[in-house]
Amino acid sequence: MTKPHKTPSPTAIFLDHAISASGRTQKEIAEDAGFPKPNVISMMKLGATKVPIDRIPALAEALGADADEFLEIALREYHPEVFAVIAADEIGLSDDELILITIYRTAFAGSTLPMTQDVSELIAKILRLIWLVQFEAAANG
């Protein structure tokens, strides 16, 4: 059974629900997420202290929770002005860049491809080749 939150913090509520759904102890979660003591997990889930933004990926992994959703909730609450800029795409990616990211994520089914120098160079060559083919097609039009 969960205790009432100190504040109506959406981030604390998300964390509390994720802890309950994980079936893990706060001690296990704290250890896996790199916190020295489990009491900090209690403080975060009650809204007595903020969840450190840089620790959200490790916490999400320890909880089996969606790190992107967790991060979005925390950014909306703790840094609404930063979230507004990101969400408004003011410094975001073009539609074509977003498509490339979607292709990358789909191709690797949620895992990642280590971006080594060789991989980076190969991707750049493929993109240049695609551009050349399109340029020649347009020129021969």
Side-chain angles (χ1 to χ4, degrees), residues 1-139 141:
M1 185 166 137
T2 60
K3 295 179 183 178
H5 292 89
K6 180 177 179 181
T7 64
S9 163
T11 307
I13 292 167
F14 179 91
L15 178 61
D16 187 22
H17 290 163
I19 290 168
S20 295
S22 75
R24 304 186 73 212
T25 68
Q26 288 182 189
K27 183 176 189 230
E28 292 169 330
I29 295 164
E31 287 173 1
D32 288 351
F35 290 97
K37 298 186 184 228
N39 68 326
V40 73
I41 303 293
S42 294
M43 293 170 62
M44 290 185 293
K45 82 172 188 174
L46 294 173
T49 190
K50 290 181 177 181
V51 177
I53 296 289
D54 64 330
R55 305 299 285 279
I56 287 177
L59 265 172
E61 186 175 335
L63 293 164
D66 184 317
D68 291 337
E69 181 181 6
F70 196 179
L71 182 60
E72 180 179 331
I73 291 167
L75 283 174
R76 279 180 188 268
E77 179 181 358
Y78 302 156
H79 305 287
E81 68 288 349
V82 173
F83 181 78
V85 170
I86 293 168
D89 242 0
E90 291 179 23
I91 59 170
L93 304 171
S94 71
D95 289 344
D96 290 338
E97 290 166 329
L98 289 170
I99 290 168
L100 283 172
I101 290 170
T102 301
I103 291 168
Y104 173 86
R105 288 179 176 168
T106 303
F108 297 102
S111 63
T112 59
L113 174 68
M115 196 54 63
T116 64
Q117 183 72 27
D118 289 343
V119 170
S120 180
E121 289 171 6
L122 182 59
I123 291 170
K125 286 178 184 177
I126 291 168
L127 292 174
R128 278 194 294 276
L129 180 61
I130 292 168
W131 182 85
L132 284 172
V133 168
Q134 287 184 331
F135 179 78
E136 287 180 13

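Computed from a predicted structure; not experimentally measured.
Here Lys45 contributes atom NZ and His17 contributes atom NE2; the two are 10.5 Å apart, rounded to the nearest 0.5 Å. Rounding to the nearest 0.5 Å places CG of Leu127 at 9.5 Å from CG of Leu122. The structure places CZ of Arg128 at 11.5 Å from CD1 of Ile123, a figure rounded to the nearest 0.5 Å. For the atom pair CD (Gln26) and CE (Met43), the distance works out to 12.0 Å, reported to the nearest 0.5 Å. Between the CD1 atom in Ile41 and the CG atom in Leu63 there is a gap of 7.5 Å [rounded to 0.5 Å]. The line from CG of Leu75 to CD1 of Ile53 is 4.5 Å long, rounded to the nearest 0.5 Å.
The residues Lys27 and Glu31 are annotated as salt-bridged, a charged nitrogen and a carboxylate oxygen being separated by less than 4.0 angstrom.
The two residues Ala18 and Ala65 have their closest heavy-atom pair at CB-CB, 4.2 Å. Taking every heavy atom of both residues into account, Ala67 and Pro57 meet most closely at CB-CA, 4.5 Å. Taking all atoms of both residues into account, the shortest heavy-atom contact from Arg24 to Ala62 is NH1-O, 2.7 Å. Of all heavy-atom pairs spanning Met44 and Pro52, the tightest one is SD-CD, 3.5 Å. Between Ile56 and Ala74, the shortest heavy-atom contact is CD1-CB, 3.5 Å. Heavy-atom minimum distance, Thr11 versus Tyr78: CG2-OH, 3.4 Å.
Glu81 places a side-chain heavy atom less than 4.5 Å from the side chain of His79. Side-chain contact between Phe70 and Leu15: present, with at least one pair of heavy atoms (C-beta onward) separated by less than 4.5 Å. Within the 4.5 Å cutoff, the side chain of Val51 has no heavy atoms near those of the Phe14 side chain.
Between the Ser22 side chain and the Ile19 main chain, a donor and an acceptor come within less than 3.5 Å of each other.
Listed by first then second residue, pairs satisfying side chain to side chain donor-acceptor pair (under 3.5 Å) with a partner in residues 48-65 number zero, not counting sequence neighbours.
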